[in-house]
Amino acid sequence: MSQALTDLIAALGEKVSTNPAVRDHHGHDMSRQPLHRPDAVVFVESEADVVTAVKICVTHGTPVVAFGAGSSMEGHTIPLRGGISLDMTRMNKILAVHAEDFDAVVQAGVTRKQLNEHLRDSGLMFTVDPGADASLGGMASTRASGTTAVRYGTMRETVIALKVVTASGEVVSTGRRVKKSSTGYDLTKLFVGAEGTLGVITEVTVKLHPIPEVIASAICSFATMAGAVQTVVETMQSALPVARIEFLDEVAVDAANAHAGLGLKRAPTLFLEFHGSDRWVQEQSETVRDLARDNGGSDFDWSTRPEDRARLWKARHETIYSNQSLRPGCKTYTTDVCVPISRLAEAVLAARADADTAPFPVKIIGHVGDGNFHVGYLIKPEIAEELAEAERLAERLYQRTMDMEGTFSGEHGVGISKLKYLRREHGPGVDLMKALKAALDPQGIMNPGKLGQEG
C-alpha cells in the first residue's frame, strides 16, 4: 500500500487524503456493521481521475471501493480489506437533459435531490426515491428502489446506460441513449446491482417522467394489520396505478409521531399517493378508499399542498432516525425482503407474530405495493443476547421469505450483512457470479469481500 499511496499522491496530489477523520467517515455507512478504515481516500473529480487511480491500484493489487453518499444499509461501501475509498462526490455534474427524449445524463456523484432540483422548471422528474439523498452511481450499484417503485419502477428499469471504469482501468459504455436495443450482452444490467465489484460507475443515463398535473397524498388507518395489508393486495390486483402505497405498523406510527409530530392514530396505517389528472386522481382514490373501508379502514385524511405532502413523506423517509425516539441509543438491525404480492399478507403477519416475541421494540414498514417490506429490530448491539435474538428472528424471516419464492433483499442489496444468504437463494448461480467476477476482476481488487467472492 505504501508504494501505491506514493504513486497516487504523485499523480493526484491533494485529491488524496490520509487524514484519520476522513478515513473514518469512509469506513462505515448506515448499517450496523463495524468500522473498517481505508488506507486512503481519493476524491476523484473526473473520469480521468478514476482511470488514473484504478490503474495505479491494479499495478499494486490495491483494493478499490467506490463511495457515494454513504447511505448504504448493508455495508456495501465498507473497505473490508483496506485500500482506497474512491469518493465520487465531486463528480457531481449534470451533463445533459434531453427533455424531448425523457432522459438525463449525469456523473455518478449527482444525487437524486440535486437532479430533481435541476429538473424543476422542465416539467420532468427523476422518480426513484429511496428516502436518503443517495448518489445515482450508488443507487445504480445497489439496484435501489423506494416509495415510488410501485408506479415508476426501480433503478433496474430506470437506468438506460452507464459508463464504467473496469478493473483493468478501461472505460466502457454499456449502452446507447435509446429505449431498446437487441445488440450484444446487456452490460448495463450486469453493472446495475453489482455493488461496485465489477467496476466503478462514472456516468449514468436515466429515464425521466413528466410531473403529473395533480399529486395528492392520503393517510388511512386500519383496525387491523391484516386489513391494511389486504387493502394493498386488492389495490394491486385491481390494477390501480397508485404512485405510492406505504405501510407502517403501530410501532412505526409511534416513532413517526414522536420524531415528526404527525399526530397519527396509533394503528396500522397506509400512506398513499395518487398521480394524474384531477379526474383520474379522484377516480383512483375513490376506488382505493372503497377497498380500504371494506377492510376496516378509516376515511382518507388528505394532503394536497406541496408542503404538507413533503412533511408526510419526510416523516416516512426518516423512519430510521425516528427509532431513537422509541429507544434512545439503539441501533437498527434492519431487514429487507420481498414476496409475491399474493403472499404479502401472510408474510407480514408472520413477521409481526415473530416480532411480538422479541425483548426489544420491533417495527414493520414497507413499500408494500410491490411486496417489499422491512422489519427493524431496535437493539443495543453491545448486549450480546439482543444481537443474537435479532439474528435468529432475521434468519426466520429470510428463510420464510425464500420458502414463499421471495427474495432476502428487494432493494437494500447484499453488501456484507446478507452475503451468507446468497447461495441459499441462488444456489449454483453463485458460482456463475464468481466466474463473472474472476473474469472481469482477476485480481479481486474491486470492493473485495463482497458479491462474487464469497457466499
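Just so we're clear, the structure is a prediction, and the values are computed from it rather than from any experiment.
- Arg244 and Asp129 are joined by a salt bridge, as a carboxylate oxygen and a charged side-chain nitrogen come within less than 4.0 angstrom of each other.
- At a threshold of 4.0 Å, the pair Arg143-Glu411 does not count as salt-bridged, since none of the basic side-chain nitrogens sits closer than that to a carboxylate oxygen.
- Under 4.0 Å is where a charged nitrogen must lie from a carboxylate oxygen, and between Glu395 and Arg392 no such pair does.
- Residues Asn323 and Lys363 bring a donor and an acceptor atom of their side chains to less than 3.5 Å of each other.
- Salt-bridge check for Glu386 with Arg327: passed, with a basic side-chain N closer than 4.0 Å to an acidic carboxylate O.
- Ring geometry, Phe271 versus Trp313: the interplanar angle exceeds 60°, so the pair is classed perpendicular (tilted spans 30 to 60°).
- In this structure, Phe43 and His26 have perpendicular ring planes: the angle between them is above 60°, well past the 30° mark.
- Under the side-chain hydrogen bond (donor to acceptor under 3.5 Å, both in side chains) criterion, Thr188 pairs with Thr174, sequence neighbours left out.
- For Phe222, there are no ring-ring contact (aromatic ring centres under 6.0 Å, His included) partners, not counting sequence neighbours.
- Ion pairing between a basic and an acidic side chain is recognised when a charged N comes within 4.0 Å of a carboxylate O; Glu307 and Arg305 show such pairing.
- Outside the 6.0 Å centre-distance limit, the rings of Phe67 and His76 are not counted as a close aromatic pair.
- Taking the six-membered ring where tryptophan is involved, the planes of Phe360 and Tyr377 are perpendicular, since the angle between them exceeds 60° and thus also 30°.
- Annotation: His367 is not in aromatic contact with Phe373 [ring centroid separation under 6.0 Å not met].
- Ring planes of Tyr421 and Phe408: tilted class, angle from 30 to 60°.
- His36 has its ring centre no less than 6.0 Å from the ring centre of His28.
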